[in-house]
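Chain identifiers are assigned alphabetically (A, B, ...) following the order of the sequence lines, protein sequences preceding nucleic acid strands; residue numbering begins at 1 within each chain. Computation of the quantities below employed the complete heavy-atom set of this structure, encompassing side-chain atoms and omitting hydrogens, waters and symmetry-equivalent molecules.
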Amino acid sequence: MRIATYNVNGVNGRLEHVLAWLADTRPDVACLQELKTTDDRFPAAAFEKAGYGAVWHGQKSWNGVAILARGVTPIETRRGLPGDEAGAQARYIEAAVKGVLVGCLYAPNGNPVGSAKYAAKEAWYARFMAHADWLLETGQPVVLVGDYNIMPTDLDVYVPERWRDDALFQPSLKDTYAWLRGRGWTDALRAVFGDEARVYTFWKYWRNSFQRDAGLRIDHLLLSPTLAPRLEAAGVDRHHRAKEGSSDHGPVWIELSR
DNA sequence: ATGGCAGCTTCGAGCTGA
């Protein structure tokens, strides 16, 4: 069973890219972020035609998250995090799919550090941590998948020194990520690739970042203790990031037994 | 320190992203 995450940077603007990726890699579950569309403009019919049912949580202009499932429609269990204010940005959707509870997230960027946006990012993560803990208590097999907007360690940044002041690389956020791991969540890519390999999921559009492999690892898949033993493989679909006109993120995937 | 690129938006310069 393959579960993938892909920050598409505009689901309508890049629909052909997303459909080509689905046809090429055939994930059982695909979590999408940065839809940049309202609910009524989400291309559900195109995904249906490609063999995927979907649940989605859109928003005008920015943000937006969706969960696709091959051959079935995910059973939505929640949209938004507990404690979100009314009218909050569309950054979380959760659904039961093929025996796994899938949380699809798009964490706030938070730049610049010290701004109201940064405070909102930390507040969002406080709600996310509480919900992640609640999910662990249920004992269900859960995967929390998406664009965390955190580089967890220096290994996850091509030149760490240049990112010290960035909102994606603040000690408190790295602590948050480490805290999640300490609570029992497994970082799937690190579990597969080890603690020395450089694995990136995002490359800026400019300065030939992708060609130089000047990347960041900010898209993550965290597995609950009940799910982690099923982890068999993981990877990044770099050949789709390499395509002309692609998102600045690459699709990231894991393979689970059964 | 800055800028580089790209998508979105009551059509076009400004916001946001990372």
Side-chain angles (χ1 to χ4, degrees), chain A residues 5-19 21 31-43 46 56-66 87-92 104-122 124-125 128 145-174 176-177 189 198-220 236 238 240-252:
Chain A
T5 180
Y6 193 6
N7 180 321
V8 296
N9 192 9
V11 73
N12 287 315
R14 289 191 221 281
L15 184 57
E16 294 312 312
H17 276 89
V18 179
L19 292 172
W21 168 69
C31 297
L32 309 182
Q33 302 88 32
E34 279 209 76
L35 303 178
K36 294 186 172 182
T37 182
T38 50
D39 280 339
D40 60 313
R41 290 186 170 184
F42 181 79
W56 61 95
H57 181 21
Q59 176 189 329
K60 190 176 180 181
S61 305
W62 294 299
N63 311 315
V65 284
Q89 297 176 332
R91 295 186 177 278
Y92 187 80
C104 173
L105 63 118
Y106 174 50
N109 174 300
N111 271 306
V113 174
S115 67
K117 286 182 181 178
Y118 188 75
K121 183 177 190 176
E122 294 211 314
W124 187 90
Y125 262 110
F128 181 73
V145 178
D147 180 353
Y148 281 70
N149 269 323
I150 297 175
M151 292 86 84
T153 72
D154 281 5
L155 187 62
D156 302 308
V157 190
Y158 66 106
V159 183
E161 289 66 32
R162 290 187 197 162
W163 290 85
R164 296 291 176 210
D165 295 332
D166 195 275
L168 281 66
F169 205 40
Q170 292 308 296
S172 71
L173 293 170
K174 289 186 270 191
T176 292
Y177 196 84
L189 263 68
R198 290 192 173 274
V199 184
Y200 299 137
T201 68
F202 168 90
W203 299 262
K204 290 196 286 190
Y205 282 122
W206 49 84
R207 291 199 170 183
N208 287 317
S209 296
F210 184 69
Q211 288 75 10
R212 294 185 295 116
D213 199 26
L216 307 173
R217 190 173 75 101
I218 54 177
D219 301 274
H220 308 296
V236 181
R238 295 174 61 107
H240 284 279
R241 175 60 182 84
K243 288 186 173 185
E244 189 76 24
S246 79
S247 169
D248 40 7
H249 293 251
V252 188

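For the pair Thr201(A) (side chain) and Ile218(A) (backbone), a donor-acceptor distance under 3.5 Å is present.
Look at the P atom in both dC15(B) and dT10(B): the space between them is 15 Å, to the nearest Å. dA18(B) and dG12(B) have their P atoms separated by 28 Å, given to the nearest Å. Atom P of dG3(B) sits at a distance of 15 Å from the matching atom of dG14(B), rounded to the whole Å. Across the C1' atoms, dG17(B) and dG4(B) are found 13 Å apart, a figure rounded to whole Å. For the C1' atoms, the distance linking dC8(B) with dT2(B) amounts to 25 Å, nearest Å.
Residues satisfying the salt bridge (Lys or Arg N to Asp or Glu O under 4.0 Å) test with Lys36(A), not counting sequence neighbours, are Glu34(A). Residues that satisfy the salt bridge (Lys or Arg N to Asp or Glu O under 4.0 Å) test with Asp154(A), not counting sequence neighbours, are Arg164(A).
Ring pair Tyr6(A)/His240(A): centre-to-centre distance not below 6.0 Å.
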Expected string for nucleotides 8-18 of chain B under the B/S/- scheme (protein heavy atoms, under 4.0 Å, primed atoms plus P, OP1, OP2 as sugar-phosphate) is SSS----BSSB
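Test Tyr106(A), Phe202(A), Tyr148(A) against His249(A) for ring-ring contact (aromatic ring centres under 6.0 Å, His included) and you get one pass: Phe202(A).
Residue Asp165(A) contributes atom CG, which lies 12 Å from atom P of dT2(B) at whole-angstrom precision. In this structure, the CD atom of Glu244(A) is 11 Å from the P atom of dG7(B), given to the nearest Å. Atom NE2 in His17(A) sits roughly 14 Å away from atom C1' in dG7(B) (whole-Å rounding).
How far NE2 of His17(A) is from CD of Glu244(A): 8.0 Å, rounded to the nearest 0.5 Å.
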